[in-house]
Every structure is written in C-alpha cells, then in structure tokens.
Amino acid sequence: MSFRDLRNFTEMMRALGYPRHISMENFRTPNFGLVSEVLLWLVKRYEPQTDIPPDVDTEQDRVFFIKAIAQFMATKAHIKLNTKKLYQADGYAVKELLKITSVLYNAMKTKGMEGSEIVEEDVNKFKFDLGSKIADLKAARQLASEITSKGASLYDLLGMEVELREMRTEAIARPLEINETEKVMRIAIKEILTQVQKTKDLLNNVASDEANLEAKIEKRKLELERNRKRLETLQSVRPCFMDEYEKTEEELQKQYDIYLEKFQNLTYLEQQLEEHHRMEQERFEEAKNTLCLIQNKLKEEEKRLLKSGSNDDSDVDIQEDDESDSELEERRLPKPRTAMEVLMQGRPGKRIVGTMQGGDSDDNVSPPLPSAVLCALGLAPIDGSG
C-alpha cells in the first residue's frame, strides 16, 4: 500500500461518480463494509444487469461475496483479482480495486476524447453496458462449435462418396419388382397396426390403472393411520419393567458415587505415601551427609592431636635431659594413648598431662561418644587397659 495508490483510487472513484466521499484514512484499518460497497458499485457500473447478493453479515456471506466478484470480473472483464487481499479490506485491497477502477476510468477517458466535452452530469450517468452482447457472444460460440462438428462429419461422408456412388448406381439400375415391394409394404403396415393396437390398449388400461393406484393409496393411508394410532398407544403406556429400571439406575448411581469417593481416597493416600517416602529419603540423605561431615571432622582433629602429641614429646626431651632412658620410654608411650582418649571423650582442644594409668587434665573429663557413632565413623573404642 502506498500513498500514491490511495490518492489515485480516491480520484478515480470521484471521477467515476461514486456518491460517497472516500478518504485516505478509510483504509488504515480493515473496512470490509466500504470495500464490499465499492465492489458492488463497480460491478453494477460494469454490468447493471448482474445479480450478486450484497449480504456480508456472516463470514460465509463475505467469502461467497468475494468469490462471486472475482469470478464475475474474471469471466466478464478478464481481470484477475486476489481474493485474499480483497478479504483483508485494508490498503492491500486498494491495489485490487485499482484494477477495476482503472479499466472504467480509461474507458471513460477514451469516450470523452472521441466525443465532445463531458460535463459532470454525464459522468454520473456513465454506464459501460455489455449485457446485451453476452447472449450474442454465446450464440456465436455455439454456432462456431456446430459448424466445426458439421464440417468434420461432412468431410467423413465425402470421403465415402466413391463407394456410395457405385452402390447408388447399382440400386438405380436394378429393375423394380412389384411383388417384393408390395410384400415389404404389407409387413410395414402390419407392424404399424400392431403398434396402434398396443397404444389403444394402453390408453384403455389407463383408467383401470388409475383406479388401482387410488385403491392402493387409500389402503396405504389406512395402514398409516392405524400405525400412527398404535404408536400413540405405545407411547402412552408405561413399560412394566420401567420401575425396576429406574430403581436399578438409582442403585447404580449410588454405587458409582461410592466408587468415586473410594477412588479419590485411594489417590490421596497414594499421594501421601509418595510424599512420606520422599521425606524419608531426604532425611536419610541428610543424616548420611551429617555423619560424613562428623567423620571428616573427627579425622582432622585426630590428626591434629597426634601432631600436637609429637610436639609435646619433643618439648619434654629438651627440658628433662637428666632423666634416664627408661623414664623417657615410660613418658613417651602414654602420649598417643592420651590423645586417643581425648578424642574418645570429645574434648580435643584440652591438653592432658599424665600417664595411661591415670592423669589429670586442665578441665573436667566429658563423657565419651557413643560406640554406635564411633562404629559408624570407622573408629573403634579404646578401653582403659593397655
């Protein structure tokens, strides 16, 4: 869509005498009412005798209207229209409308150049009528086809003239036999009389056939009336099993309600069971992660305690050089055991001074860790005896 197309369309419609003012803003948005009105007016200008239904209320009516317009312009004016763009009824439809308006506008200009000056009243009364010539055009086409078929059959017959000429000459030269001719005529007359007699018999039987048909019709009417009354009787009578049927239907409805309630409960319980399993799995994973963290922490503290125990042994060797080797052995051996005891008591941050048989610490001794936790962490409990 362009401004130039909109301007040309509005000017052409004004020149053709369209009674309504068309603005360039009418096609900014889809306006199917205006497009249908313009199309119908252009078709009437092209051929006033055309009969196209103007109904465009429903979608089917609009589709049928667009198809009828496109088919009419294709057959009468040889103008191919894009039905999709016409159905859009926006700026793209203006390009399709220009195809029709340009033809009418050029025809009007040509007629104006050949004649005298055309005033505005003559433009409003301008009509481009080809309806009277359509019948002649169809007759001419039919005659052309008949001439072609007749010419082909005549050519075939003329090709058989050589053989037919000889047969015709023999038939003319043959002497006429009166007896044979009389015999043939009698046979033909007899056949004609037989056909006439059959026709008379049929005419005589028409009355009897009519009476038979009326009797059959009356019989069918009586049967129809009897069957209608029987149907009304059957409809008015209540079946004997209807009470049992209604009772069974009520029981079935109750059973269905019970089944529906149980099914809902079962679904709810299954959902709760799945939720319980999921929560148990999450708690198991959380406990497992906690045990792993505790195990790693205890291993780190054990290493730190062992390292601090080795440092204490070196300090004792430096301070007490005068002690004997046996005493040093007795003081060195309890150190790893003391570190392990501290680990088992859960107080790794305190220093212990003493021997394996009983030493004193800086603080009170905390209760040892449970054996189940130590077994889970891979640490065996150490008893007090060496």
Side-chain angles (χ1 to χ4, degrees), residues 1-115 118 122-145:
M1 178 185 68
S2 63
F3 179 81
R4 182 178 180 181
D5 293 335
L6 287 172
R7 184 190 61 187
N8 293 337
F9 176 70
T10 54
E11 294 296 333
M12 288 182 184
M13 292 298 293
R14 189 180 298 111
L16 290 173
Y18 185 64
R20 178 179 173 181
H21 177 70
I22 299 177
S23 175
M24 296 183 183
E25 300 296 328
N26 293 131
F27 297 96
R28 296 295 181 185
T29 58
N31 192 352
F32 193 85
L34 179 59
V35 172
S36 62
E37 184 180 352
V38 170
L39 284 172
L40 191 60
W41 187 82
L42 291 174
V43 169
K44 292 292 184 182
R45 288 296 303 270
Y46 196 90
E47 184 175 355
Q49 288 79 13
T50 185
D51 186 14
I52 295 177
D55 298 333
V56 292
D57 296 333
T58 62
E59 182 179 357
Q60 295 181 354
D61 294 339
R62 291 193 291 269
V63 172
F64 181 78
F65 177 81
I66 293 295
K67 287 184 177 180
I69 293 294
Q71 185 176 4
F72 173 81
M73 298 308 298
T75 55
K76 303 298 182 181
H78 300 286
I79 298 175
K80 185 177 180 181
L81 300 176
N82 192 333
T83 55
K84 292 183 179 180
K85 292 183 179 179
L86 285 176
Y87 192 83
Q88 291 177 0
D90 53 4
Y92 294 100
V94 175
K95 294 184 178 181
E96 304 300 321
L97 294 174
L98 274 174
K99 297 178 182 180
I100 307 174
T101 55
S102 60
V103 173
L104 296 176
Y105 185 75
N106 293 332
M108 185 186 67
K109 288 177 63 179
T110 304
K111 184 176 181 180
M113 293 174 62
E114 293 177 353
I118 301 177
D122 295 335
V123 173
N124 293 332
K125 297 178 182 179
F126 175 75
K127 292 183 179 180
F128 191 73
D129 187 9
L130 290 178
S132 59
K133 303 296 181 181
I134 298 300
D136 297 339
L137 180 60
K138 292 182 178 179
R141 288 179 178 176
Q142 186 176 0
L143 289 174
S145 61

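Predicted, not measured: the structure shown is a model, and the values here were computed from it.
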Just how far is it from atom [atom1] of [X] to atom [atom2] of [Y], taken to the nearest 0.5 Å?
X    : Y    : atom1 : atom2 : value
H21  : R14  : NE2   : CZ    : 6.0 Å
I79  : S102 : CD1   : OG    : 6.5 Å
I69  : I100 : CD1   : CD1   : 7.0 Å
E47  : L42  : CD    : CG    : 14.0 Å
E11  : N8   : CD    : CG    : 8.0 Å
Q142 : L137 : CD    : CG    : 12.0 Å

Check M12 against T101 and note the closest heavy-atom contact, atom names and distance.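 Minimum heavy-atom separation between M12 and T101: SD-OG1, 3.8 Å.
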Please report the shortest heavy-atom distance between M108 and A15, naming the atom on each side.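 Closest approach of M108 to A15: SD-O, 3.8 Å.
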Ring pair (Phe, Tyr, Trp, His ring centres under 6.0 Å) partners of residues 58-88, not counting sequence neighbours, each pair once: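 Sorted result for residues 58-88: F32-Y87.
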Hey, are the side chains of M73 and V43 touching, using non-hydrogen atoms and a 4.5 Å cut-off?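 Yes, at least one pair of side-chain atoms sits under 4.5 Å.
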Are side-chain heavy atoms of W41 and M13 found at a separation under 4.5 Å?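 The answer is yes; the side chains approach within 4.5 Å.
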Can you check whether [Y]'s main-chain N or O pairs, donor with acceptor, with [X]'s side chain at less than 3.5 Å?
X   : Y   : value
K44 : T50 : yes
K99 : K80 : yes
E96 : L81 : no

Just jot down the side-chain contact (heavy atoms from CB on, under 4.5 Å) partners of R20, sequence neighbours excluded, or say none.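 Y18, L34, E37.
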Tell me, please, which residues at least two apart from T58 pass side-chain contact (heavy atoms from CB on, under 4.5 Å).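 Checked T58 against side-chain contact (heavy atoms from CB on, under 4.5 Å); matches are Q60, D61.
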Are I22 and V38 close enough, and set up right, to give a side chain to side chain contact (heavy atoms under 4.5 Å, CB included), and what steps lead you there? CA-CA 10 Å; I22 299 177; V38 170; 4.3 Å; yes
Can you run down the salt bridge (charged side-chain N to carboxylate O under 4.0 Å, His left out) pairs that involve residues 62-72, sequence neighbours left out, and say none if there aren't any?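 Residue pairs passing salt bridge (charged side-chain N to carboxylate O under 4.0 Å, His left out), neighbours aside: none found.
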Considering residues at least two apart in sequence or located in another chain, which fulfil the side-chain hydrogen bond (donor to acceptor under 3.5 Å, both in side chains) criterion with K84?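 By the side-chain hydrogen bond (donor to acceptor under 3.5 Å, both in side chains) rule, K84 matches no residue at all.
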